[in-house]
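Scroll down for the structure; my scribbles are underneath it.
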Amino acid sequence: MSPLPGGSPIQTYLDALHRRLAPLREGLVAAYIPELAHADPAWFGIAIATVDGHLYSVGDTAQCATIQSISKPFVYGMALAEQGVERVLAKVGVEPTGEAFNSISLEPDTGRPLNPMINAGAIAVSAMIAGTDAADGERRIMAMFERYTGRTMAVDERVYASEARTGHRNRALAHLMRNFDIITGDPEPGLDLYFRQCSVLVDCRDLAIMGATLANDGVNPLTGARALAAPDVARVLAVMTSCGMYDFSGGWIYRVGMPAKSGVAGGIIAVLPGQMGIAVFSPPLDSRGNSVRGIRVCEEISADFALHLFHTPRATAASIIRSRSDGTELRSSRRRRRSERTRLRARGARVRLYELQGELNLGATESLVHDVLRERAAFEILILDLTRVVGLDQAAARLLSELAHDLQSHERTLLLPGGHHQPPLVHALAEVSSETGSPGPLRFTERDQALEWAEDQLLGRALQDPVTETPLIENDLCETLDANARDQLITIAERLDCVAGQVVYHPGDPADALFLIARGQFQIQSTASARIPLRCATLGPGLVFGDLPLATGRSRDHTVIALNDRAACWRIPYRAIAPELKVQLLASLATRLAERLTEGSGAGEPTPDGGDFEG
Ligand code: GLN
């Protein structure tokens, strides 16, 4: 991964932190495994990997060392995946010991080790993985590590041999567990596999990416490979939280507030779920076997960025509602006749629209639902616009589907444009609509479609009638014309009957006529910025289009197509318009333009030249 040009603030911060803590001289390099004593106490690296796959590092982050106990949570996750939670729990508990990593702490009557982060528990887990074929167990462990790091892994044979020769205490633990039948059969292969997994070589960047994979719900952010199923990730992080730092676990979660794991070679990995993995490598250890600089680095990063998991600075509830409005102030891009606009203004409050944004979780959605239910008597149609929502969890999906149920039983309609992008919601609502057979709240993908439908409901079904015709004389355009002008218009009008999809004109066409709609609907589309036509407005009977060039003299900017098979309009060629009629048409255009400006569709995103003023 290439570094950011110009340096990132995270990098600058890490550089300074590294400089400040490098002079720390406390702690001792582990020597009980003879080979580990060769480590240089000055080695010091820090790496951060984000769930977006960005990597920041400073110091000795390419220095390889053995993973040691940091292997434990990963092998534990693998056992959960291979053997299932119950079988693993039967052999190894999940209670913190408050004792040292190599403590001989087994449950008195069962001999079950208290948790998988202390040596006893980890050896029991490795024995489960070894099963009857330890060599295959090792292959699976290496493949598992490779999914987390995205590269080929190897064992440091000298460290392995050194520990295998001197690990009498671990050997004693294994035999003790054999006595209790926690380990069945020969304890040696499982013990040997444990020594080998502890001797896998990693550098600080590997550890950060492994942490980021756990932070990313089990998916390696660099390779996209899934290393562990999400429910098992939660279990692994849980034991790291309560037991990962041995007899310092309580103090660690109190101060740093992140699941973590340390190893005697000097590594520490901390996980900030949903955000990043932090790794530190520095061999000198404190009396509990945790890296001295490693603890300091994590404490400082946590404090400086307020990362403690139980520190929640933001209440999300209020921030998800971007705006609240109703149909008196809001309009779809469907153009309406003046009489209809008046009716919509009068009845518009029966349609409510909430524009939502950000992440919908339990707290935020509860607050929204509370707000909505208080208003329930006042609306008929509720539109929750989810198109700006970036995430919606299971709790939010559940509350929204309950809300859909409730509104349905009170004869209210709920529409959730944008909701089709949120899998938990689609899933939760599938049950609601399959029960009732109705099209359900997800029937519209865009807010504009939902609004248009809501307006149609308010105006009544008659509007959609594709057969009845609005006489030319009753067109909005004619309202301000005198009798003479109307007569003239009728004589020069040419009838244009359309089929669905028929193009009336294209952008660039010369503007040579205006159109008065008699029947059906016409859509004004813009293809200026995208390949996909963008709907600017939909127009129905009694409305005008193509009249703007009468004033501007410009050619067409948009595409206009007929939407129905029986759509029809009158074409009024510009060249047939006598000067006196032209003056009246321009006056009518000006009046309608002025009305539109002053009505200014409240929540206002008026299309600049859209509507029935399109060229
Ligand atoms: N292999 C080491 C041991 O069992 C691991 C201990 C550790 O990293 N805390 O002693």
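Below, all heavy atoms of this structure are taken into account, side chains as well, without hydrogens, waters or symmetry copies. First listed ligand is number 1; within each ligand, the first listed atom is number 1.
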What residue and heavy atom of the protein are closest to atom 6 (C) of ligand 1, and at what distance? S69 OG, 3.0 Å
I need the single residue from L416, L386, T365 that forms a side chain to side chain contact (heavy atoms under 4.5 Å, CB included) with L356. Which is it? L386
Report the relative orientation of the aromatic rings in F310 and H308; use parallel for angles under 30°, tilted for 30 to 60°, perpendicular for over 60°. tilted
Is the closest N or O pair between C198 and ligand 1 shorter than 3.5 Å? no
Under 6.0 Å between ring centres: does that hold for F305 and Y13? yes
Only counting residues at least two apart or in another chain, list the ones meeting side chain to side chain donor-acceptor pair (under 3.5 Å) with N102. none
Taking distance alone, with no angle check, do E163 and ligand 1 share an N/O pair under 3.5 Å? yes
F195 heavy atom under 4.0 Å from ligand 1: no
Part of N119 within contact of ligand 1 (heavy atoms, under 4.0 Å): side chain
Could you check atom 10 (O) of ligand 1 against the protein and tell me its nearest heavy-atom contact, residue, atom and distance included? Y32 OH, 2.4 Å
Applying side-chain hydrogen bond (donor to acceptor under 3.5 Å, both in side chains) between S126 and each of R196, K72, E138, Q197, report the one that passes. Q197
N/O separation below 3.5 Å, Y246 to ligand 1: yes
Between Y148 and F74, does the ring centroid distance fall short of 6.0 Å? yes
